[in-house]
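Structure first, commentary second.
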2 protein chains.
Amino acid sequence: MSNFQYVKKKPTIYDIASKLNITAATVSRALNDSELISKKTKKMVLESAHELSYFKNRHALALKSGRTNQIGLVVPFINRHFFSNIIMGVEEELYPKGYQVMIFQSNESEKKEQDVVEALLKNQVDGVLISVSKTTRTKSHFNKIIENNLPLIFFDRKVDVDNSSSVETDDEFGGKIATQHLIDQGCSQIAYVTVDLNLNIYKNRFKGYKKALEANNIDFNSDLVFQANSDVISGRKVARQILSNDIKIDSIFCSSDYIALGVIQELKDNNVDIPGDISVVGFSNEPFTELLDLTLTSIEQNPYEIGKSAARVFLDQVNAKDAIIEHAIKLKPKLCIRNSSMKNSLKPH
Amino acid sequence: MSNFQYVKKKPTIYDIASKLNITAATVSRALNDSELISKKTKKMVLESAHELSYFKNRHALALKSGRTNQIGLVVPFINRHFFSNIIMGVEEELYPKGYQVMIFQSNESEKKEQDVVEALLKNQVDGVLISVSKTTRTKSHFNKIIENNLPLIFFDRKVDVDNSSSVETDDEFGGKIATQHLIDQGCSQIAYVTVDLNLNIYKNRFKGYKKALEANNIDFNSDLVFQANSDVISGRKVARQILSNDIKIDSIFCSSDYIALGVIQELKDNNVDIPGDISVVGFSNEPFTELLDLTLTSIEQNPYEIGKSAARVFLDQVNAKDAIIEHAIKLKPKLCIRNSSMKNSLKPH
DNA sequence: CAATATTATGCAATGGATTGCACAATATAA
DNA sequence: TTATATTGTGCAATCCATTGCATAATATTG
């Protein structure tokens with residue numbers, strides 16, 4: 001087999017120009033529908049371009065204009081259901097507008113996040129959408145983005161930066177409706193399991209929990225609040241703690257589905273009836289919640305919509321040109337009721 | 001708040017040159033460590049570049065060289081556990097080498113796939129890694145990649161294209177070890193549930209199933225083979241069919257975890273003991289398999305490794321320059337034994 | 001020391017599209 | 001018909017890095 005392969009050269013405006021005996025400048029203007037160019041010439045150029053299947057060279061454009069039609073999207077991990085669905089949403093919104101989405105991971109490392117932002121700036125992206133790493137404490141890399149006059153949009157996890165925008169889940173609302181749902185089921189001794197309260201999302205879910213109690217005249221009891229990591233093992237631990245200390249509760253609201261799953265497993269192992277004795281609610285509506293034997297009631301954050309919304313905010317900023325717009329969008333999450341919390345209803349056969 | 005924001009201009013080789021009273025050509029050569037340049041000058045240039053925090057403009061490079069250090073990665077959907085982990089692997093391998101990975105989705109549509117490939121070529125990516133859409137029947141878009149002299153690497157799902165490479169799971173092996181495992185558990189009446197046999201992956205899993213039977217002198221019985229879609233509902237349907245027709249089996253090997261889950265749910269609903277009466281094995285090792293009450297034995301394909309491997313093949317091709325290398329790698333999947341298939345063992349408390 | 005060989009640098013064109021300015025072609029008014 | 005206004009194109013520089021060729025600067029040899 002021969003190694004020679006004929007690589008056809010991509011046509012340029014010069015090819016079109018010489019074919020039509022005009023100059024590249026005219027072709028360029030015609031392609032950009034400049035009002036300086038006559039209709040006749042425009043028509044010629046457009047036809048010719050189509051014929052040669054000409055398309056603009058992105059890199060020449062980028063070099064000349066400094067704009068790339070690429071945006072940077074930074075998530076902690078792309079292989080998380082939540083984030084990959086956000087990516088879906090962003091792509092869906094931006095791809096049709098001619099933007100390309102450069103996806104990067106921070107791996108929850110501040111250093112990697114800084115590197116990645118640096119790389120994005122080198123690439124001259126036209127904007128940055130980012131969900132901040134858990135370990136990030138500084139924000140000079142975010143300021144650098146702003147200094148470069150680029151739209152900066154935080155999603156899900158934000159940091160206070162002037163002239164930036166954000167799209168978040170209304171976590172407080174989520175905490176509230178989950179708690180209210182348990183109350184509606186007749187629960188009043190509602191345990192709460194939180195993850196690191198330094199993180200806004202958990203802080204706000206907790207706030208929602210307390211607000212719902214208050215709205216229903218149920219006294220907040222700090223003995224019913226537990227701290228855990230967002231995983232199954234931690235959930236089991238909490239459940240064990242509750243059982244062995246004989247803490248009286250009729251329900252548990254967990255700020256993570258994984259915790260809820262661990263709780264359920266441990267309770268089941270100890271012959272506690274769910275939801276009969278104890279109702280359980282999780283948070284995030286992970287795919288597995290509806291695959292379990294005992295399906296798990298949870299809060300759906302709709303990451304796909306978060307992505308779409310963040311993308312739209314970006315487009316807004318771009319279109320607004322120099323006017324600085326600061327969006328701060330909070331999307332309402334939705335309660336997905338399943339068997340783990342339905343005290344008085346039929347379960348599917 | 002003022003709209004004015006000072007955007008500092010990015011330094012170029014000309015800035016370095018004028019600072020040092022030399023020309024841009026010399027700077028360029030120095031930065032590229034050309035042996036034409038004296039050590040003294042190189043040192044000066046490097047220091048100066050560092051001082052100005054200079055970096056090369058990717059687009060100028062791309063324009064000049066036609067190479068972009070970007071590769072295109074096309075998957076059916078990025079929000080699937082399997083594919084997002086492949087992406088992880090690719091990124092991990094290529095990012096340190098200075099490549100950027102442009103991720104695109106085909107949404108299992110041939111048309112979208114063609115568009116996406118077109119877009120990648122316009123972008124002048126340096127290579128394409130792709131997992132072919134289920135609906136793709138033509139391959140002219142793949143040939144176009146080859147005609148452009150770009151490395152083309154298929155992963156997971158391939159199509160025959162000259163001069164391309166591929167990285168796949170050894171599905172036949174997977175089918176074999178899963179079946180063998182059931183046989184080792186004492187099973188001999190092993191039902192098999194397949195998805196569309198037009199797709200290579202399912203064809204090969206089926207082949208593995210048959211080979212294992214043969215190796216153990218168990219007659220293949222086509223009455224035990226069922227067709228389904230890769231979802232829970234279809235799994236339930238198959239189980240119902242088996243039960244209502246009173247087909248005698250001691251195990252079911254499903255070519256998808258979702259099918260296996262449906263099967264399990266339906267069997268449980270009918271008070272069939274798993275694995276006592278019927279053992280169940282799935283395929284793909286989806287995250288939920290170990291979260292279920294009855295954890296599901298499955299075949300781990302290690303998508304992360306598939307991604308890494310595909311990336312390495314790409315790098316090989318690039319380094320080989322004009323020599324055309326055709327890799328055809330098959331990665332051995334791994335059996336993950338869990339409770340759904342363990343006839344004679346303790347289950348976790 | 002002159003003459004040649006080496007080494008280090010500069011000049012200028014290239015890649016593709018854009019755009020301010022100059023100028024040609026045409027249309028309008030005097 | 002000539003002078004002026006209007007419209008449509010062309011010229012050439014620009015964005016930034018690379019590279020073939022020419023030449024300056026230095027080192028080596030006779």
Side-chain angles (χ1 to χ4, degrees), chain A residues 7-46 48-49 52-70 98 121-126 148-149, chain B residues 7-46 48-49 52-70 98 121-126 148-149:
Chain A
V7 181
K8 69 172 177 304
K9 240 184 104 321
K10 298 182 169 52
T12 70
I13 48 173
Y14 295 94
D15 298 322
I16 298 178
S18 66
K19 202 176 138 194
L20 299 177
N21 277 316
I22 55 180
T23 59
T26 302
V27 173
S28 171
R29 291 192 177 100
L31 290 173
N32 291 307
D33 203 27
S34 155
E35 69 289 305
L36 289 176
I37 302 296
S38 67
K39 286 172 198 53
K40 204 183 81 196
T41 308
K42 277 183 192 171
K43 186 153 172 284
M44 274 168 38
V45 169
L46 256 28
S48 186
L52 297 172
S53 53
Y54 162 86
F55 49 81
K56 289 187 188 176
N57 182 308
R58 290 186 84 99
H59 304 289
L61 282 176
L63 181 57
K64 187 70 175 86
S65 68
R67 311 187 67 258
T68 55
N69 276 307
Q70 297 186 332
L121 291 177
K122 285 186 192 179
N123 257 287
Q124 298 176 244
V125 293
D126 294 345
N148 274 274
N149 224 342
Chain B
V7 181
K8 67 171 177 303
K9 241 185 107 314
K10 297 182 169 53
T12 71
I13 48 174
Y14 294 93
D15 298 322
I16 299 178
S18 66
K19 201 177 139 193
L20 299 177
N21 277 317
I22 54 180
T23 60
T26 304
V27 174
S28 172
R29 291 191 177 99
L31 289 173
N32 290 309
D33 202 26
S34 155
E35 70 289 306
L36 289 175
I37 302 297
S38 67
K39 288 174 196 54
K40 206 182 82 197
T41 307
K42 277 182 190 170
K43 184 150 173 286
M44 274 168 39
V45 169
L46 256 28
S48 186
L52 296 172
S53 55
Y54 163 86
F55 49 82
K56 291 186 188 176
N57 182 308
R58 290 185 84 98
H59 304 290
L61 282 177
L63 182 57
K64 189 73 175 81
S65 69
R67 310 187 67 258
T68 55
N69 277 306
Q70 297 186 331
L121 292 177
K122 285 186 191 178
N123 257 287
Q124 298 175 244
V125 292
D126 294 345
N148 274 275
N149 224 342

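Here is how names work: the chains are called A, B, and so on, in the same order as the sequence lines, proteins then strands, and each is numbered from 1.
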Review point. Is there a side-chain polar atom (N or O) of A:Asn32 under 4.0 Å from OP1 or OP2 of C:dA17?
Key: no
Review point. What nucleic acid atoms does B:Ile13 come within less than 4.0 Å of, heavy atoms only: base, sugar-phosphate, or nothing?
Key: base
Exercise for review: In whole angstrom, give the distance that lies between atom CD1 of B:Ile22 and atom P of D:dA24.
Suggested key: 19 Å
Check your understanding: Think B:Thr26 has a side-chain N or O under 4.0 angstrom from the OP1 or OP2 of C:dG10?
Key -> yes
Practice item. Mark yes or no for whether B:Thr68, through its side chain, and B:Gln124, through its backbone, hold a donor-acceptor pair below 3.5 Å. Key: yes
Check your understanding: Whole-Å distance between C:dT18 C1' and A:Asp33 CG?
Key -> 16 Å
Check your understanding: So what does A:Lys56 hit on the nucleic acid, given a heavy-atom distance under 4.0 Å: a base, only sugar-phosphate, or nothing?
Key -> sugar-phosphate
Study note, to complete from the structure: Between NZ of A:Lys39 and P of D:dG8 the distance, given in whole Å, is 7 Å
Practice item. Return the value, rounded to whole Å, for the distance between atom CD1 of B:Ile37 and atom C1' of D:dA24. Key: 14 Å
**Study point:** Side-chain donor-acceptor contact under 3.5 Å, A:Lys64 with A:Asn57
**Key:** no
Exercise for review: Mind calculating the distance between NZ (A:Lys40) and P (D:dT7) to the nearest angstrom?
Suggested key: 17 Å
Check your understanding: Between B:Leu20 (CG) and C:dG10 (P), how many Å, whole number?
Key -> 10 Å
Exercise for review: Using a 4.0 Å heavy-atom cut-off across all strands, classify B:Leu61 as base, sugar-phosphate, or nothing.
Suggested key: sugar-phosphate
Review point. Base, sugar-phosphate alone, or nothing: which one does A:Ser38 contact when heavy atoms must sit under 4.0 Å apart?
Key: sugar-phosphate
Exercise for review: Counting heavy atoms from C-beta on, name the nucleotide in D:dC16, D:dG10, C:dG10 closest to the side chain of B:Asn57.
Suggested key: D:dC16
Check your understanding: For A:Ile22 and A:Val45, what are the C-alpha separation, side-chain angles and deciding distance, and is it a side-chain contact (heavy atoms from CB on, under 4.5 Å)?
Key -> CA-CA 10 Å; A:Ile22 55 180; A:Val45 169; 3.9 Å; yes
Check your understanding: What is the distance from CZ of B:Arg67 to P of C:dG15, rounded to the nearest Å?
Key -> 18 Å
Check your understanding: Hey, does the side chain of B:Ser28 reach the backbone of B:Ala24 with a donor-acceptor pair shorter than 3.5 angstrom?
Key -> no
Review point. Taking the side chain of A:Arg29 as its heavy atoms from C-beta onward, which of C:dG16, D:dG10, D:dT18 lies nearest to it?
Key: D:dG10
Review point. Of the nucleotides D:dC11, C:dG10, D:dT9, which one has an atom closest to the side chain of A:Ala25?
Key: D:dC11
Revision key, fill the gap. Regarding the side chain of B:Lys64, the nearest nucleotide among D:dC11, D:dA17, C:dG10 is D:dA17
Review point. Hey, does the side chain of A:Lys42 reach the backbone of A:Ser34 with a donor-acceptor pair shorter than 3.5 angstrom?
Key: yes
Study note, to complete from the structure: Nearest-nucleotide check on DNA chain C, A:Thr12 vs A:Leu36; residue mapping nearer the 5' end is A:Thr12
Practice item. Indicate yes or no for a side-chain donor-acceptor contact from B:Ser65 to the backbone of B:Leu61 under 3.5 Å, with no hydrogens or angles considered. Key: yes
Check your understanding: Bend angle of the helix from C:dC1-D:dG30 to C:dA30-D:dT1 from five-pair axes at both ends, rounded to 10°?
Key -> 60°
Check your understanding: What is the nucleic acid contact for B:Glu35, judged by heavy atoms within less than 4.0 Å: base, sugar-phosphate only, or nothing?
Key -> sugar-phosphate
Revision key, fill the gap. Taken to the nearest whole Å, NZ/A:Lys42 to C1'/D:dT7 is 12 Å
Review point. Where do B:Leu63 and A:His59 come nearest, in terms of heavy atoms and distance?
Key: N-CB, 4.2 Å
Review point. Contact class for B:Leu31 (heavy atom, under 4.0 Å): base, sugar-phosphate, or nothing?
Key: nothing
Practice item. Using a heavy-atom cut-off of under 4.0 Å over every strand shown, decide if A:Ser65 touches base, sugar-phosphate, or nothing. Key: nothing
Point to revise | Minimum heavy-atom distance B:Gln70-A:Asn123, with the two atoms named | key: NE2-OD1, 4.2 Å
Review point. Contact class for B:Ser28 (heavy atom, under 4.0 Å): base, sugar-phosphate, or nothing?
Key: base
Check your understanding: Does A:Tyr14 put a side-chain nitrogen or oxygen below 4.0 Å from OP1 or OP2 of C:dT14?
Key -> no
Point to revise | Interatomic spacing from NZ in A:Lys56 to CG in A:Leu31 - rounded to 0.5 Å | key: 6.0 Å
